[in-house]
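Report on one structure; see the data block that follows.
All ligand and atom numbering here is 1-based and tracks the order in the structure.
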Amino acid sequence: MSKKCVVVIGAGVSGLTTATLLLKQEKGYHVTIVAKHFPGELTGEYTSPWAGANWRSLITDKRQQEFEKKTLIHFFELAKTKPAETGIMIVDSFDYWDEHKEDFIEPWFSNFCPGYRHLQKEELPDNVEFGITYKTVTINPTVYLDFLLNTFLALGGNIERKEFSHIHDAILPDTDIVINCTGIHSRTLGGVQDANVYAVRGEIVVVELPPTHVTWSFKRYPRGSNEGIFKGPVTYVIPRNNGEVVLGGTYVENDYTTVPDPVIAESIIKRCLATRPDLLPVGQKELKIKRHGVGLRPARKGGIRVEAEWINSILGRDKRILVCHNYGHGGYGYQSSYGAALHLIELMKKPLNSNKTRISKF
Ligand code: FAD
């Protein structure tokens with residue numbers, strides 16, 4: 001049987017994970033990743049290299065919780081078996097709040113993340129009234145993106161650099177399936193133009209600190225609003241496996257500015273040091289800044305789009321093309337990557353295995 005030809009548009013964490021998983025777990029696919037940007041590049045148009053990144057779940061959506069759970073299991077495995085190659089390490093997360101409300105609802109992962117518990121009063125920093133701790137992972141995005149790309153190439157995948165203005169541009173005479181993983185660009189890509197997609201600007205400061213296996217975040221309890229306790233801007237510190245530590249953060253909806261702002265950077269550092277003054281090594285007056293960064297989280301009203309639809313080919317043949325979508329991952333593209341890709345591949349196989357002639361959307 002001849003192989004199905006798949007074009008994956010996008011080489012961020014979504015495209016690379018989907019393409020790699022497709023080659024790894026399925027037979028009979030010839031996969032090419034076509035993208036404007038690939039690992040190794042730093043530009044505001046390409047979100048994945050700018051992530052912190054850690055696994056810290058903020059969501060209530062059950063489908064996404066399932067994506068994140070499967071991804072964390074996968075990341076724990078990678079951290080144990082290939083830590084240097086993947087840049088993933090197991091850490092203790094400390095999540096703090098400035099207030100403790102009696103109506104605190106345990107997060108969905110409390111029964112799932114090892115070591116989950118409430119912090120004791122004596123374990124809390126000065127301006128913190130409540131906190132939880134659990135085991136999770138941090139991911140060094142540069143290392144992990146390289147790992148995914150190398151794995152994909154070793155499995156026989158192909159890559160090509162190109163920018164498409166319309167999803168139809170990805171369809172060549174032998175194309176059977178197109179997988180759209182264009183992140184924020186799904187807002188403008190012809191044939192997709194998803195008006196629900198919008199940017200959430202995030203600024204970070206990368207500093208050099210002694211190695212640590214602790215990640216922490218600090219959140220003011222929402223007052224007078226119905227945002228959940230995990231929503232809204234958070235101050236955070238995320239260590240990487242190479243001595244770099246990411247300080248954050250900001251969360252500004254519909255802000256497309258990709259130039260770092262020194263005033264914001266200063267306020268991030270102040271916020272981090274206010275919660276954890278011990279971040280500054282003894283005898284050091286200032287943090288050693290390695291670089292500043294800004295990324296645009298590809299958020300989407302209605303959540304991640306993991307869907308498949310048939311479209312008519314414009315090549316004038318009697319052939320329909322299956323177009324699958326995997327975008328809109330907002331601030332959780334790493335922690336949902338593996339589970340979302342698994343789900344997409346299952347969706348993709350359903351219509352391919354079906355004899356039905358008309359499947360428009362499901
Ligand atoms: P992208 O990485 O943007 O990739 C899109 C790809 O599509 C690129 O290769 C691009 O070139 C290509 N492309 C787009 N349009 C076209 C076109 N027309 N033609 C050809 N190619 C095209 N997530 C976590 O899980 N944990 C975290 O701790 C975390 N922290 C974050 C901190 C910050 C400051 C930011 C900004 C994000 C953070 N995220 C985090 C979110 C995460 O980075 C994103 O959700 C994720 O990177 C999105 O990946 P993506 O592959 O969907 O998009």
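- For Asp146, there are no salt bridge (charged side-chain N to carboxylate O under 4.0 Å, His left out) partners, not counting sequence neighbours.
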Please tabulate, for the side chains in residues 197-210, all donor-acceptor contacts under 3.5 angstrom to protein atoms that are two or more places apart in sequence or on a different chain.
{"from": "Arg201", "atom 1": "NE", "to": "Thr257", "atom 2": "O", "distance (Å)": "2.7"}
{"from": "Arg201", "atom 1": "NH1", "to": "Glu203", "atom 2": "OE1", "distance (Å)": "3.0"}
{"from": "Arg201", "atom 1": "NH2", "to": "Glu203", "atom 2": "OE1", "distance (Å)": "3.0"}
{"from": "Arg201", "atom 1": "NH2", "to": "Val259", "atom 2": "O", "distance (Å)": "2.8"}
{"from": "Glu203", "atom 1": "OE1", "to": "Asp261", "atom 2": "N", "distance (Å)": "3.2"}
{"from": "Glu203", "atom 1": "OE2", "to": "Asp261", "atom 2": "N", "distance (Å)": "3.0"}

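- Closer than 4.0 angstrom to ligand 1 lie heavy atoms from Ile9, Gly10, Ala11, Gly12, Val13, Ser14, Ala35, Lys36, His37, Tyr46, Thr47, Ser48, Trp50, Ala51, Gly52, Ala53, Asn54, Lys162, Glu163, Phe164, Cys181, Thr182, Gly183, His185, Leu189, Gly202, Ile204, Tyr236, Gly295, Arg297, Pro298, His329, Gly330, Gly331, Tyr332, Gly333, Tyr334, Gln335.
- A donor and an acceptor atom, one from each side chain of Arg56 and Ser93, are nowhere located under 3.5 Å apart.
- In this structure, Tyr334 has its ring center no closer than 6.0 Å to that of His329.
- Residues Ile268 and Thr235 form no side-chain contact, since every pair of their non-hydrogen atoms from C-beta on lies 4.5 Å or further apart.
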Please list every donor-acceptor pair under 3.5 Å in which a side-chain atom of residues 151-164 meets a protein atom from a residue at least two apart or in another chain.
{"from": "Thr151", "atom 1": "OG1", "to": "Phe147", "atom 2": "O", "distance (Å)": "2.6"}
{"from": "Asn158", "atom 1": "ND2", "to": "His30", "atom 2": "NE2", "distance (Å)": "3.4"}
{"from": "Glu160", "atom 1": "OE2", "to": "Lys162", "atom 2": "NZ", "distance (Å)": "3.2"}
{"from": "Arg161", "atom 1": "NH1", "to": "Lys36", "atom 2": "O", "distance (Å)": "3.0"}
{"from": "Arg161", "atom 1": "NH1", "to": "Glu41", "atom 2": "OE2", "distance (Å)": "2.8"}
{"from": "Arg161", "atom 1": "NH2", "to": "Glu41", "atom 2": "OE2", "distance (Å)": "2.9"}

